Amino acid sequence: MQAMRTEDYIALEERYNARNYKPLDVVITRAQGAWVWDVEGRKYLDFLSAYSAVNQGHCHPRIVRALVEQAQKVTLTSRAFRNDQLPLFAKELCQLLGYEMMLPMNTGVEAVETAIKAARKWAYRVKGIPDEQAEIIACAGNFHGRTTTVISFSSEEQYRDGFGPYTPGFKLISFGDADELERAITSRTAAFLFEPSQGEAGVVVPPVGYLRAVREICTRHRVLMIADEIQTGMGRTGKMLACDHEDVRPDMVTIGKALSGGLYPVSAVLASREVLGVFAPGDHGSTFGGNPLACAVAREALRVLVDERLPERAAALGERMMARLRRIQSPHVEQVRGKGLMVGVVLKRQAGGARRFCEALKERGVLAKETHEHVIRLAPPLVISEADLDWALDQVEAVLRMA
Ligand SMILES: *Cc1c(COP(=O)(O)O)cnc(C)c1O
């Protein structure tokens with residue numbers, strides 16, 4: 001049989017796989033650290049990091065070893081029985097991030113769903129909001145995942161179109177405006193759910209002081225502050241959690257993506273005993289949530305973040321990247337924004353969209369993805385070397401100087 005080529009894989013995928021994505025036409029077969037290799041043997045620097053799931057770099061040897069070793073022992077017990085990894089994972093994660101309790105799930109959106117359920121039950125059982133009346137405030141431009149409840153409060157028309165009827169109980173305000181939050185709160189408000197920086201919206205960073213103002217307002221009105229740190233967390237923005245930039249501790253945090261270093265879907269919700277204590281046996285669950293393989297992988301992924309000082313690395317390399325990008329003379333660039341190694345290059349309307357720049361970057365050996373048509377997102381694994389980063393930025397500069 002003849003070896004399969006790029007176009008053969010693409011043809012199979014187009015035929016048998018639902019077209020819910022529009023990927024760049026590169027077929028990856030191997031990866032290590034910040035680099036990936038395609039089936040033609042070409043190599044690329046990964047500037048997407050699987051939407052920040054591989055902060056620790058692809059196939060980190062320590063995390064791979066933890067996965068293999070645990071896979072040879074026990075992978076799944078279900079929560080009908082206990083396993084010897086979950087208690088240690090729970091303790092280590094809570095101690096690292098400073099919370100009393102956690103609840104493990106698998107994908108990011110499941111963590112968000114869990115936070116919504118916890119907030120509603122807390123509102124009825126603890127805060128005393130009348131049954132069925134609890135309201136959650138979220139932000140325009142939000143991205144919290146793709147379930148029917150979560151897309152119910154998306155402001156992105158395409159994410160909702162054709163998927164109604166929608167879950168009620170959500171209200172949208174603009175992101176980055178604390179006064180608007182204060183005005184939107186009523187006696188029925190249970191929680192404010194937001195991203196500390198909006199990733200999918202095109203790397204939107206709120207004004208300095210926003211997180212502190214949100215904390216103060218939520219405390220004063222006894223509204224749960226829920227930070228979705230699935231993308232911003234685990235060192236991406238230069239701190240372990242993005243809320244650490246303003247020394248703010250949300251009532252609930254959702255994490256996922258890099259929680260496992262990209263080896264396995266692992267997510268979690270962290271909160272106080274007052275909040276997560278509302279769940280009684282049978283209220284909520286997941287067959288795979290908290291399984292020993294996930295817990296062993298996540299424990300090692302967390303240790304790698306700490307041992308390799310990856311948040312600090314993201315802060316230093318992020319400053320280097322931002323300074324370089326801001327020096328680029330290009331007729332296409334409107335703004336460069338971001339925090340740590342999560343940066344968006346916002347293009348002018350007349351630049352013809354970000355996709356063509358991402359295609360050109362691919363030809364030069366850098367994989368990046370447009371977000372929201374006019375933004376090139378640059379988010380390499382946090383382990384990227386300074387030399388590789390500089391080389392990739394040479395390529396970014398070259399494509400931004402194209403006609
Ligand atoms: C990716 C993401 C999610 C959803 O995570 P999945 O694992 O894709 O379900 C939720 N919130 C934010 C902020 C994200 O970036």
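Predicted model, so just to flag it, every value in this text is computed and none were measured. Numbering of ligands and ligand atoms starts at 1, following listing order.
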Checklist entry - When you look for heavy atoms under 4.0 Å from ligand 1, do you find them on the side chain of Val109, its backbone, both, or neither? => result both
Checklist entry - Any side-chain donor paired with an acceptor under 3.5 Å for Gln56 and Glu308? => result no
Which atom pairs, donor and acceptor, lie under 3.5 Å between side-chain atoms of residues 21-38 and protein residues at least two apart or in another chain?
from, atom 1, to, atom 2, distance (Å)
Gln32, NE2, Cys59, O, 3.2
Trp35, NE1, Asp388, OD2, 2.9
Asp38, OD1, Glu40, N, 2.9
Asp38, OD1, Gly41, N, 3.0
Asp38, OD1, Arg42, N, 2.8
Asp38, OD2, Arg42, NE, 3.1
Asp38, OD2, Arg42, NH2, 3.3
Asp38, OD2, Tyr44, OH, 2.9

Item to check | Name of the residue among Leu263, Leu382, Leu48, Asp46 meeting side-chain contact (heavy atoms from CB on, under 4.5 Å) with Val54 | outcome: Asp46
Next on the checklist: Under 6.0 Å from the ring centre and within 45 degrees of the ring axis: does the NZ or CZ of Arg160 meet both conditions for the six-membered ring of Tyr166?
Outcome noted: yes
Checklist entry - So, Asn291 and Tyr264: side-chain donor and acceptor under 3.5 Å apart, yes or no? => result yes
Item to check | ligand 1 atoms in contact with Asp228 (distance to a heavy atom under 4.0 Å) | outcome: 10 (C), 11 (N), 12 (C), 13 (C)
Next on the checklist: Using a plain distance cutoff, I'd like to know if Lys257 has any nitrogen or oxygen under 3.5 Å from a nitrogen or oxygen of ligand 1.
Outcome noted: yes
Checklist entry - Going by the atom numbers of ligand 1, which of them fall below 4.0 Å from some non-hydrogen atom of Ile230? => result 2 (C), 3 (C), 10 (C), 11 (N), 12 (C), 14 (C)
Item to check | Aromatic plane relationship, His144 with Phe153 - under 30° parallel, 30 to 60° tilted, over 60° perpendicular | outcome: tilted
Item to check | Pairing residues for Asn106 by the side-chain hydrogen bond (donor to acceptor under 3.5 Å, both in side chains) criterion, not counting sequence neighbours | outcome: Glu110, Ser286
Checklist entry - If we only count N/O pairs under 3.5 Å, is Glu195 in contact with ligand 1? => result no
Checklist entry - Of the backbone atoms (N, CA, C, O) and the side-chain heavy atoms from C-beta on, which set of Glu110 has a member under 4.0 Å from an atom of ligand 1: side chain, backbone, both, or neither? => result neither
Checklist outcome for this item: Contact region, Tyr51 to ligand 1, non-hydrogen atoms below 4.0 Å, reads neither
Next on the checklist: Is atom 11 (N) of ligand 1 near the protein, in the sense that some protein heavy atom lies at less than 4.0 Å from it?
Outcome noted: yes
Checklist entry - Quick one: which of Gly199, Gly256, Gly233, Gly108 has a heavy atom closest to atom 5 (O) of ligand 1? => result Gly108
Checklist entry - With atoms numbered from 1 as shown, which atoms in ligand 1 lie under 4.0 angstrom from a non-hydrogen atom of Phe143? => result 1 (C), 2 (C), 3 (C), 11 (N), 12 (C), 13 (C), 14 (C)
